[in-house]
Amino acid sequence: MAGRSAVGFLLAAALLGFLQTASSFQVKDPEGKLCLSANFSMRFTVEFDTNSTKKQNATFLLPPDAHVLKVSTCGNQKSPEEILVVGFGKGHSLNMTFEKKDESLYVISALGFKFNLSDSSFFTNSSGGELTTTTKVTDIQADLNTKYLCHSNKSITAEKVSVLLSNIAIEAYVTNNTLSKKETICSEDKSSTVKVGQYSVNGSSGMCLLASMGLQLNLTYPAKNKTVLSKVLNIPPNAVSSGTCGNITVTLNVISGSTNISLNFAQNSSTEKYFLHGILVRADLPSEAAERSINVSNNNLSALKATIGKSYKCVAEEIIQVSDNASLNIYNVQVQAFKISGYKFGAVEECQLDENNMLIPIVVGAALAGLVLIVLIAYLIGRKRSHAGYQTI
Ligand SMILES: *[C@@H]1O[C@H](CO)[C@@H](O)[C@H](O)[C@H]1NC(C)=O
Ligand SMILES: *[C@@H]1O[C@H](CO)[C@@H](O)[C@H](O)[C@H]1NC(C)=O
Ligand SMILES: *[C@@H]1O[C@H](CO)[C@@H](O)[C@H](O)[C@H]1NC(C)=O
Ligand SMILES: *[C@@H]1O[C@H](CO)[C@@H](O)[C@H](O)[C@H]1NC(C)=O
Ligand SMILES: *[C@@H]1O[C@H](CO)[C@@H](O)[C@H](O)[C@H]1NC(C)=O
Ligand SMILES: *[C@@H]1O[C@H](CO)[C@@H](O)[C@H](O)[C@H]1NC(C)=O
Ligand SMILES: *[C@@H]1O[C@H](CO)[C@@H](O)[C@H](O)[C@H]1NC(C)=O
Ligand SMILES: *[C@@H]1O[C@H](CO)[C@@H](O)[C@H](O)[C@H]1NC(C)=O
Ligand SMILES: *[C@@H]1O[C@H](CO)[C@@H](O)[C@H](O)[C@H]1NC(C)=O
Ligand SMILES: *[C@@H]1O[C@H](CO)[C@@H](O)[C@H](O)[C@H]1NC(C)=O
Ligand SMILES: *[C@@H]1O[C@H](CO)[C@@H](O)[C@H](O)[C@H]1NC(C)=O
Ligand SMILES: *[C@@H]1O[C@H](CO)[C@@H](O)[C@H](O)[C@H]1NC(C)=O
């Protein structure tokens, strides 16, 4: 029994390890200085021809024998792009081309694949040959001198090849032979790692605040050696909340460990609107910071605004600047302050960002409807004409 569960555990661990471990690749310049470090796992789906007339898809992971090929290059003045070329198995390879953009970003500007379709270990019953393809479309980009990090799955397709990238940690244009401590987090991770918490505040005459939102603090601070560092804190959904109900302000305090976020809502009785007008943030900083803690506030805001009696809703991320070195990122928010009937949200007022996102499908839909109409009219006219044609015969 114990033996079987141990085997099961090992199998599960091996399987998980196989799926999750990222391969690690480094490119160095002729002097031996690191210019590019890339870690990722990759799953390929490749469509190929078989000896019968049917096409088939092969799906496999980037195998452990994957290694950097010598043709990889660091950028230089003549050709500033950096190219990682990885070989694996029996004559397969992939390449990633990095370029600088706008002096402040680096991007993967091309992704190429070459497969030896004669390799029956990946391509069973293949009719052989070679498949090469490249795509110039990737959304992988990061600030210079930062690591690009993305745990979420990212799918990229180039004709007959599609890949699923995950556990990505990449830095190109590495300076001074050392990887940066700063990070650029991909948007997929930002929205998925912040968990939504439920908050409410009750007063003597009932509930005055109800909120459902994911909260994240983004702090930048000087280290003891004066370099500027940043830290992103996700507020867990089980954070302790409290607050007060006033006639002109409603306050929500969210406390998680040594971190304290206070949100102040105000109302404007002449316009019948309420809004977030103040934020106070207090948080301890890591030991390498020059200061022990950060304590900032902003009482000049006009965010999350909605009509009294209704709720404000936004799926898109909202970044609210508290000070030069602190911002509060709010995800997937629905909030209502002051008048709340029946302990639940009133009618929804959607944020502008979401409305803009809604606009795209509406415009596309309208354009399609227009197209259908034009085709229909053209068809009817065409039919009338050809009828006329037959009659003259
Ligand atoms: C192979 O996979 C792609 C993408 O998933 C799909 O579009 C295609 O139809 C598949 N081809 C075959 C032969 O199954
Ligand atoms: C392609 O795979 C076949 C079969 O495994 C092998 O004989 C051949 O050498 C490979 N081609 C290259 C270029 O590696
Ligand atoms: C990358 O790979 C593709 C496909 O094999 C190839 O066409 C392209 O020339 C390669 N690019 C570089 C820069 O090596
Ligand atoms: C390969 O072809 C053989 C013979 O046609 C067939 O029996 C077998 O199922 C095929 N294998 C795959 C993976 O399609
Ligand atoms: C498919 O056909 C090619 C060329 O005709 C041949 O080399 C290969 O061995 C065949 N593969 C299978 C699985 O029959
Ligand atoms: C990522 O893809 C793998 C393999 O398809 C899958 O098992 C896993 O659930 C995916 N993860 C997420 C977060 O979608
Ligand atoms: C990639 O992995 C190696 C080995 O685990 C590590 O030393 C390196 O810092 C990683 N690179 C990035 C960009 O995170
Ligand atoms: C580069 O690295 C060296 C040794 O690690 C260090 O002494 C130097 O201060 C670094 N220079 C910069 C600009 O970070
Ligand atoms: C406020 O009252 C409602 C209804 O009784 C209750 O569901 C909610 O948990 C209360 N909130 C707090 C913070 O006590
Ligand atoms: C945190 O703030 C810095 C500086 O404003 C910014 O570059 C970075 O993208 C922010 N990160 C997140 C996760 O919001
Ligand atoms: C708040 O409003 C209520 C009802 O309008 C009123 O009775 C109360 O005195 C007000 N409290 C304050 C502090 O203004
Ligand atoms: C400054 O200190 C931070 C935190 O200890 C460290 O990550 C960073 O590399 C240091 N920078 C320099 C230039 O020494």
Side-chain angles (χ1 to χ4, degrees), residues 19 26 33-37 39 41-63 89-90 92 94 104 106 111-139 142-149 152-166 169-185 188 217-233 258 283-294 324-326:
L19 287 175
Q26 332 290 334
K33 271 194 176 167
L34 181 71
C35 72
L36 174 65
S37 171
N39 301 342
S41 11
M42 197 182 260
R43 200 189 67 175
F44 302 89
T45 302
V46 182
E47 194 179 68
F48 63 97
D49 293 318
T50 61
N51 281 358
S52 68
T53 47
K54 275 201 220 140
K55 288 181 189 301
Q56 231 174 337
N57 273 338
T59 296
F60 51 92
L61 297 168
L62 185 62
K90 291 174 179 148
H92 313 291
L94 69 95
S104 62
Y106 62 89
L111 188 57
F113 304 98
K114 186 166 99 184
F115 295 106
N116 173 8
L117 297 178
S118 306
D119 178 2
S120 57
S121 56
F122 288 156
F123 307 105
T124 335
N125 289 354
S126 157
S127 58
E130 195 182 85
L131 170 63
T132 66
T133 181
T134 51
T135 176
K136 296 204 181 317
V137 191
T138 85
D139 64 347
D143 295 332
L144 275 173
N145 297 317
T146 69
K147 266 188 214 171
Y148 175 87
L149 296 181
S152 304
N153 286 340
K154 194 182 259 300
S155 165
I156 297 175
T157 300
E159 293 175 59
K160 295 178 171 173
V161 181
S162 72
V163 292
L164 196 71
L165 277 156
S166 50
I170 288 178
E171 185 172 350
Y173 299 101
V174 173
T175 51
N176 206 15
N177 210 16
T178 42
L179 293 175
S180 174
K181 290 272 191 309
K182 289 195 214 153
E183 300 167 348
T184 296
I185 311 277
E188 291 94 325
L217 273 181
N218 185 356
L219 309 173
T220 51
Y221 54 89
K224 289 184 179 116
N225 61 16
K226 303 233 159 57
T227 53
V228 175
L229 302 174
S230 79
K231 183 180 168 82
V232 175
L233 271 175
S258 65
D284 281 353
L285 292 173
S287 57
E288 70 263 23
E291 306 275 335
R292 279 198 52 220
S293 64
I294 185 170
D324 286 345
N325 43 19

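We count ligands from 1, going down the list as the structure has it; atoms in each ligand are counted the same way. For this chain, numbers begin at 1 and follow the sequence in order.
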(Q) With respect to N225, determine whether any N or O atom, backbone or side chain, lies less than 3.5 Å from an N or O atom of ligand 12. (A) yes

Q: Apply the side chain to side chain contact (heavy atoms under 4.5 Å, CB included) test between F113 and each candidate in T132, T134, V46, V163; give the one that qualifies.
A: V163

Q) With a 4.0 Å cut-off, strictly under, does atom 3 (C) of ligand 4 pick up any protein heavy atom? A) yes

Q) Does any N or O atom in S162 lie less than 3.5 angstrom from one in ligand 1, N or O only? A) no

(Q) Classify the ring geometry of F123 against H92: parallel below 30°, tilted from 30° to 60°, perpendicular beyond 60°. (A) perpendicular

Q: Would you mind reporting whether L179 and L34 have side-chain heavy atoms less than 4.5 Å apart?
A: yes

Q.
Do D284 and S293 have side chains that approach each other closer than 4.5 Å (heavy atoms only, starting at C-beta)?
A. yes

Q | Contact check, side chains of E171 and Y106, non-hydrogen atoms, under 4.5 Å | A | yes

Q. Using the benzene-type ring in the case of Trp, are the ring centres of F44 and F122 under 6.0 Å apart?
A. no

Q) Going through the distances and angles, do T133 and K160 end up as a side-chain contact (heavy atoms from CB on, under 4.5 Å)? A) CA-CA 8 Å; T133 181; K160 295 178 171 173; over 6 Å; no

Q) Counting each atom of ligand 1 from 1 as listed, which ones have a heavy atom of N57 under 4.0 Å away? A) 1 (C), 2 (O), 3 (C), 8 (C), 10 (C), 11 (N), 12 (C), 14 (O)

Q. Do the side chains of E291 and Y221 get nearer than 4.5 Å, heavy atoms only?
A. no

Q. Just to confirm, does any protein heavy atom lie below 4.0 Å from atom 14 (O) of ligand 4?
A. yes

**Q.** Geometric N/O contact Q56 with ligand 4, under 3.5 angstrom
**A.** yes

Q) In the protein, which heavy atom is nearest to atom 5 (O) of ligand 4, and how far is it? A) N125 ND2, 4.6 Å

Q.
Among all protein heavy atoms in this structure, tell me which lies nearest to atom 9 (O) of ligand 1, with the distance rounded to 0.1 Å.
A. E47 OE2, 4.1 Å

Q: List every atom of ligand 1 that sits less than 4.0 Å from any heavy atom of K55, numbering the atoms from 1 in the order shown and giving each element.
A: 13 (C)

**Q.** atom 7 (O) of ligand 4 protein-contacted, heavy-atom criterion under 4.0 angstrom
**A.** no

Q) With a 4.0 Å cut-off, strictly under, does atom 11 (N) of ligand 4 pick up any protein heavy atom? A) yes

